[in-house]
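Every chain is numbered from 1, with letters handed out A, B, ... down the list of sequences.
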Number of protein chains: 2
Amino acid sequence: MLVSVVNDYPLVVAGVQHLLQPFGERVALTAGPRQRPDVVLYDTFGRAQGPTMRVGELLTRTRSRHLAVYSWNLSEPLVRASFEAGASGYLFKGLPAEQLVEALERVSAGTQVSPQPSSRTKAPSGADWPGRAQGLSVREAEIVALITRGLTNEEIAEQTFLSINSVKTYIRTAYRKMGVTRRPQAVLWGVQHHMTASLGGDEPES
Amino acid sequence: MLVSVVNDYPLVVAGVQHLLQPFGERVALTAGPRQRPDVVLYDTFGRAQGPTMRVGELLTRTRSRHLAVYSWNLSEPLVRASFEAGASGYLFKGLPAEQLVEALERVSAGTQVSPQPSSRTKAPSGADWPGRAQGLSVREAEIVALITRGLTNEEIAEQTFLSINSVKTYIRTAYRKMGVTRRPQAVLWGVQHHMTASLGGDEPES
DNA sequence: AGTCTGCTCACCCCTGGGGGTGGCGTACTC
DNA sequence: GAGTACGCCACCCCCAGGGGTGAGCAGACT
C-alpha cells in the first residue's frame, strides 16, 4: 500500500511519516505527488476542513483514488461534511500507529472508514508540529499557524470549527508561551519559527 | 573625506550612497564599519531619533569622530535633542546632493551644522527606500517598516515624533496602496517586501 | 491660476483583539 | 484520591487599531 501524506507543514508531514515508518512492510511512503498513491492521508493541521476541502483536486493532483482525512476534530457535522466532500475515510489523530495503518488499509481496499468517538488529546509518540519545540500544544500551534497566515479570530474559528471563545482561549495560552501580547508580534514569532506554510500550499485565503 | 552611511535598510544606504557617487573626488564611501570614517551619516529611516539615539556607541563602533543625522524631520525639539545626544550635524534629507556634500565637509572639519527650515517633501533623485517600488511614499514606508517590527501606533508616534493621528493617516494611505486592511496582513506584507531591518540592527525594541 | 501629491493634524465611530473570570470533561501521573 | 495538562466554551470589560470626515501647508507641474 502506497500512502502520500499531505500537509503544508514539512514538520507535520515528517511526524506522520515517522509514525508509519515501523510498518514499512505494509506501508510505503511517497513524498512525490505524482506516484499514484493508494491513499492520500490529508492532515488537517492549519488546512481547510469539511466542505471547503478540495478533495477532487487533491485526488486528481496525486492520481489517487482515496483520500483519508486525518484530524483531531471528531465533531459529527464535520465528519459528515468531509464524507460529503468526497473523503473515503476520517481518521482520528490520536490513533496509535498500528490502528492507523489498519484504517489506511481498509480505506485502500475501498471501505469507508469512520472514526470512533474519543476524548484523547495526547498526540501519538513521534508526532510533530511547528512550535512544539517551543512548548505549544498541537491546538495552540494550529491557531498560531493560522494567525501567522493573517486570518482573523472569526476566520480561524470558522476554519477550525471552534467557537470564537475557544480560539481566544488558545490565543491567550499560546501568547503566554510565546512571550508576546499583540497580534503583530505573534505574526513575527510565527514567521521566525517556521509557522508559515510552505509555498506550495494552494489553500484559498479568505 | 571618508563617509560611512549607517541605516538598517540596505536599500536606504544604497540610495544615499548613490546620491554621493558623482562626488567621488570629495567623498569616499565606506561600507565596512571599521575604517575610521571622517563622518558617520546616520539615516534615521526606521531608526531611533533624538534622545534615544546612541551616538557614542555608533562613534565608538565606527571609530569616527563626527556623526551627522540625516532626516526629513526638522522639528526644533528633535534637532536640539540630537545635538544634545552628541550629533555634530543635522542634515535635511531634501538637500540636493551638492549641498549635502558641502554640509558633510563642514561637519568633517568640526563645524556644527544645523538645518535650514524647509518644507520640501520630494526626495532627491536617486534616493531609495523599501516599498518605494510598490508606491509607498518615504513617510508611508517608514511607518510600515516600524509596523513590520511589531511596534504599536503609539510607539511609532513616539519614535517618529509625529502625532498618533498622523501615524494613523499614514497607515490608512499605506494600507490602500498595499492592498491590506489589518495589521497582521501589513506585517506579512512588510516581511515579504523586505521591510524588515537587517539582522545587524542593534535597535532597542520597546 | 488650478490641480495633484505629500506631509501633518484633529475628531468621530466602530471593530478586532486581548486581558480577566468562571466552568465542564477527559487522560495521565503520582 | 489529588493534581496537572489539554481541549472546549461562556461572559465581562477595555484597548489597539482602522474606517470615515475634515482641515491646513507647501512644492511641483500644467
Side-chain angles (χ1 to χ4, degrees), chain A residues 71-75 78 92-94 96 117-125 127 129 132 135-144 146-147 150-157 160-178 180-187 206, chain B residues 71-75 78 92-94 96 117-125 127 129 132 135-144 146-147 150-157 160-178 180-187 206:
Chain A
S71 170
W72 283 110
N73 194 331
L74 297 183
S75 69
L78 179 58
F92 179 54
K93 287 191 78 170
S118 170
S119 295
R120 178 185 169 98
T121 61
K122 188 171 171 65
S125 177
W129 58 87
R132 186 180 67 90
L136 297 183
S137 73
V138 64
R139 241 8 190 183
E140 288 164 348
E142 188 165 20
I143 300 295
V144 172
L146 295 173
I147 284 175
L151 274 62
T152 63
N153 290 349
E154 187 60 54
E155 287 166 345
I156 293 172
T160 54
F161 292 83
L162 298 175
S163 142
I164 187 75
N165 299 301
S166 299
V167 171
K168 286 185 176 181
T169 297
Y170 289 125
I171 288 169
R172 201 150 44 228
T173 55
Y175 278 18
R176 284 199 191 107
K177 294 174 183 177
M178 294 154 64
V180 304
T181 54
R182 278 176 292 101
R183 199 93 158 183
Q185 293 171 326
V187 170
S206 54
Chain B
S71 171
W72 282 110
N73 194 332
L74 296 183
S75 70
L78 179 58
F92 179 52
K93 286 190 79 171
S118 170
S119 295
R120 179 186 169 97
T121 60
K122 189 173 169 66
S125 176
W129 58 87
R132 185 180 68 89
L136 297 183
S137 73
V138 63
R139 238 17 188 175
E140 288 164 347
E142 188 165 22
I143 300 297
V144 172
L146 296 173
I147 284 176
L151 274 61
T152 62
N153 291 349
E154 186 61 52
E155 287 165 344
I156 292 171
T160 54
F161 292 82
L162 296 176
S163 139
I164 186 78
N165 299 302
S166 300
V167 171
K168 285 184 176 181
T169 298
Y170 288 125
I171 287 169
R172 199 149 44 226
T173 54
Y175 278 18
R176 285 200 192 105
K177 295 176 183 177
M178 294 154 63
V180 304
T181 54
R182 279 176 291 103
R183 201 93 156 180
Q185 294 170 325
V187 170
S206 52

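- As judged by a 4.0 angstrom heavy-atom cut-off over every strand, B/S166 is placed among the base-contacting residues.
- Using modelled atom types, one side-chain atom of A/T169 and one backbone atom of A/N165 make a donor-acceptor pair closer than 3.5 Å.
- Residues A/I147 and B/S137 each lie close to DNA chain C; by heavy-atom proximity, the contact nearer the 5' end of the strand is made by B/S137.
- Phosphate proximity of C/dA10 to B/S163: present, with a side-chain N or O under 4.0 Å from OP1 or OP2.
- One atom, CD1 of A/I143, and another, C1' of C/dG18, lie 15 Å apart when rounded to the nearest Å.
- Residue order along DNA chain D, read from the 5' end via each residue's closest nucleotide, puts A/Y170 first among A/Y170 and A/N165.
- Counting only heavy atoms from C-beta outward, the side chains of B/Y175 and B/R183 approach each other to under 4.5 Å.
- Of all the heavy atoms in B/Q185 and A/G150, the pair that sits closest is CG-O, 4.4 Å.
- Looking only at side-chain heavy atoms (C-beta outward), B/R132 and B/V138 stay at 4.5 Å or farther from each other.
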Q. If the sugar-phosphate is the primed atoms plus P, OP1 and OP2 and the base is the rest, what is the B/S/- string for nucleotides 19-30 of chain C, using protein heavy atoms under 4.0 Å?
A. BBB----S-S--
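- Atom CD1 in A/I156 sits about 13 Å away from atom P in C/dG16, given to the nearest Å.
- The distance between atom CG of B/L74 and atom P of C/dC7, rounded to the nearest whole Å, is 13 Å.
- Rounded to 10°, the helix from C/dA1-D/dT30 to C/dC30-D/dG1 has 30° between the axis fitted to its first five pairs and the one fitted to its last five.
- Put simply, CD1 on B/I143 and CD1 on B/I156 are 5.5 Å apart, with the number rounded to the nearest 0.5 Å.
- Judged purely by distance below 3.5 Å, without hydrogens or angles, the side chains of B/T160 and B/E142 never pair a donor atom with an acceptor atom.
- The CD atom of B/E140 sits 8.0 Å away from atom OH of B/Y170, with the distance rounded to the nearest 0.5 Å.
- Taking OG1 from B/T173 and CZ from B/R176, the interatomic distance works out to 7.5 Å, rounded to the nearest 0.5 Å.
- Here CH2 of A/W129 is found 7.5 Å from OG of A/S137. Values are rounded to the nearest 0.5 Å.
- Here A/E154 contributes atom CD and A/I164 contributes atom CD1; the two are 5.0 Å apart, rounded to the nearest 0.5 Å.
- Straight-line distance from the CD1 atom of B/I164 to the C1' atom of C/dC9: 12 Å, rounded to whole Å.
- Two residues are said to be in side-chain contact when any heavy atoms from C-beta on lie closer than 4.5 Å; B/L78 and B/S75 meet this criterion.
- Going from atom CG of A/N153 over to atom C1' of C/dG18 covers 9 Å, rounded to whole Å.
- At a threshold of 4.5 Å between non-hydrogen side-chain atoms, the residues B/R139 and B/N73 count as touching.
- C/dC7 atom P lies 10 Å from atom CG of B/L162, rounded to whole Å.
- Among the atoms of the strands shown, none is found under 4.0 Å from any heavy atom of B/K93.
- Taking atom CD of residue A/E154 and atom C1' of nucleotide C/dG16, one finds them 10 Å apart after rounding to whole Å.
- Between the CD atom of B/E140 and the P atom of C/dG6 there is a distance of 7 Å, given to the nearest Å.
- Heavy-atom contacts of chain A under 4.0 Å fall on DNA chain D between two terminal nucleotides, which in 5' to 3' order are D/dC6 to D/dC11.
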